[in-house]
Amino acid sequence: MVRANGAVSLRELARVVQTSEVTVRRDVRALEAEGLLDRRHGGAVLPGGFTRESGFPQKSHLATAEKTAIADLAAGLVDEGEAVVVGAGTTTQELARRLARVPGLTVVTNSLLVAQALAHANRVEVVMTGGTLRGSNYALVGSGAEQSLQGLRVSRAFLSGSGLTAERGLSTSNMLSASVDRALVQAAAEVVVLADHTKLGTDTMFQTVPTDVITRLVTDEPPAHDDRALTELQALADQGVQIAVAGPGAGSGPAGSGEGGSAGRQSGRLGASQGRGGGEEGLPLPGPRRNHPHPPGGPGSAQLRGAVPLGEQPGRVADLAPRRR
């Protein structure tokens, strides 16, 4: 399956061979020891180390349910009439499909897949960068793409990547993609990273967004046994990143409507205590790190272990508020 698709998820392997993920994980570890594949958090890919990048067909088969939940939640951050940047990737493509319902929106992108998802949306203006097409991910890269972003200013950028760590931030395996992503970041007042739990703790070759530049991370709920992802989430929160964790069924309501235009009011699996009071269990309660456009306690403010709904959307999420450095 890895040879055919370039990448495969442990969940999909377990479903196909009708066994547990624990058994699949053990067998994948044995195959890695023989040099037949490389393990990735939540899946496996063909051998290649830091420099190898899976193409769109391979990436589209990984963590599909998680990407859907992340896109549903992230769409609630966007209000009518905003101007945003959306980078290339399979998760951002899912986000674009939901942004098609937000009236008066302007989306700047270097991704043909994002543009295609928005092509027939009513009252959504799509602005494409210039550049050279990378066929592996259908993105425009190079100096043409970077120059077309100069002088641009939008409210926020939505970006994905190949890996995310608290130490280096967001990274990717391709130098040209990393360079364009950095230009996209320069155009935005806030940076929102969309990354499923399989990317947490994964470090790839080219840094795109340092941790201290990331305003918010939208991710899915890691499995209970995934200590690395949970540890990485806390480390990111400690460095000031606001974290929203989408649970199963998150964000089924329409994006950009009512309270759904803000991700500051959310409920979560990581605990039940609200505000800054905290409790004896779970993650520590960090304080604010830097100023954000929304006032404390209002839309966009972060709460660790919060338990209020995101607008009318029934998704289970948690905001990890940043700790003062």
Side-chain angles (χ1 to χ4, degrees), residues 71 73-89 91-93 95-96 98-115 117-119 121 123-132 139-161 169-170 172 176-195 206-218 240-242 244 255-256 260-264 288-296 298-302 322:
L73 182 56
L77 288 166
V78 182
D79 291 317
E80 295 184 15
E82 274 196 84
V84 299
V85 158
V86 179
T91 311
T92 51
Q93 181 188 25
L95 171 64
R98 287 143 184 85
L99 294 183
R101 301 191 294 264
V102 183
L105 190 65
T106 300
V107 177
V108 181
T109 185
N110 69 318
S111 168
L112 297 187
L113 298 174
V114 168
L118 295 167
R123 294 191 292 166
V124 175
E125 182 177 2
V126 180
V127 179
M128 294 289 299
T129 69
T132 303
L140 297 171
V141 297
S143 59
E146 296 170 38
Q147 289 173 10
S148 66
L149 293 165
Q150 292 180 4
L152 182 71
R153 194 63 172 170
V154 299
S155 58
R156 58 178 57 90
F158 293 91
L159 298 175
S160 188
L170 191 66
T172 187
L176 293 175
S177 295
S179 185
V180 173
D181 281 353
R182 286 192 287 268
L184 293 172
V185 167
Q186 292 296 319
E190 294 183 5
V191 177
V192 180
V193 170
L194 311 181
F206 298 98
Q207 182 192 56
T208 57
V209 189
T211 305
D212 61 358
V213 176
I214 299 172
T215 307
R216 187 187 298 269
L217 165 65
V218 184
V241 179
Q242 299 177 41
S262 168
R289 173 187 64 160
R290 56 179 180 247
N291 293 326
H292 290 287
H294 302 294
S301 64

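- Separation of atoms CD (Gln242) and OG1 (Thr215) is listed at 7.5 Å; rounding is to 0.5 Å.
- The distance from the CZ atom of Phe206 to the CG atom of Leu170 is 14.0 Å, given to the nearest 0.5 Å.
- The backbone N or O of Gln207 sits less than 3.5 Å from a side-chain atom of Arg182, completing a donor-acceptor pair.
- Residues meeting the side-chain hydrogen bond (donor to acceptor under 3.5 Å, both in side chains) test with Ser160, sequence neighbours left out: Lys199.
- Considering Val78, Val114, Val193 in turn, Val78 is the only one that fulfils the side chain to side chain contact (heavy atoms under 4.5 Å, CB included) rule with Phe158.
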Do Ile214 and Leu159 pass the side-chain contact (heavy atoms from CB on, under 4.5 Å) test, and can you show the C-alpha distance, the side-chain angles, and the key distance before you say yes or no? CA-CA 10 Å; Ile214 299 172; Leu159 298 175; over 6 Å; no
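- The distance from the CG atom of Leu118 to the CZ atom of Arg98 is 12.0 Å, given to the nearest 0.5 Å.
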Yes or no on side-chain contact (heavy atoms from CB on, under 4.5 Å) for Leu99 and Val124, after CA distance, side-chain angles and deciding distance? CA-CA 8 Å; Leu99 294 183; Val124 175; over 6 Å; no
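- With hydrogens and angles ignored, the 3.5 Å screen pairs no side-chain donor or acceptor of Ser155 with any backbone N or O of Glu82.
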side-chain contact (heavy atoms from CB on, under 4.5 Å) between Met128 and Leu140: does it pass, once the steps are laid out? CA-CA 9 Å; Met128 294 289 299; Leu140 297 171; 3.7 Å; yes
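- Listed for the Thr211 side chain is a donor-acceptor partner under 3.5 Å among the backbone atoms of Gly169.
- Within the model, atoms CG of Leu184 and CG of Leu152 stand 9.0 Å from one another, a figure rounded to the nearest 0.5 Å.
- With sequence neighbours left out, the side-chain hydrogen bond (donor to acceptor under 3.5 Å, both in side chains) criterion links Glu146 to Ser179.
- Across all their heavy atoms, Ala88 and Ser111 have their closest contact at CA-CB, 3.7 Å.
- Across all non-hydrogen atoms, the minimal contact from Arg153 to Ala189 is NH2-CA, 3.7 Å.
- With contacts defined as side-chain heavy-atom distances shorter than 4.5 Å, the pair Val86/Val108 does not qualify.
- A pairwise comparison of heavy atoms in Thr91 and Ala71 identifies O-CB, 4.4 Å as the closest pair.
- Contact between Val102 and Leu105 at its shortest, heavy atoms only, is O-CB, 3.5 Å.
- One distance of note links OG1 of Thr208 with CG of Asp181; it measures 5.5 Å at 0.5 Å rounding.
- For Thr92 (side chain) and Gly87 (main-chain N/O), a donor-acceptor pair under 3.5 Å exists by modelled atom type.
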From CA spacing to verdict: side-chain contact (heavy atoms from CB on, under 4.5 Å), Leu95, Leu194: CA-CA 9 Å; Leu95 171 64; Leu194 311 181; 3.8 Å; yes
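- Among the candidates Val192, Val107, Leu77, Thr109, the single residue satisfying the side chain to side chain contact (heavy atoms under 4.5 Å, CB included) test with Val84 is Val107.
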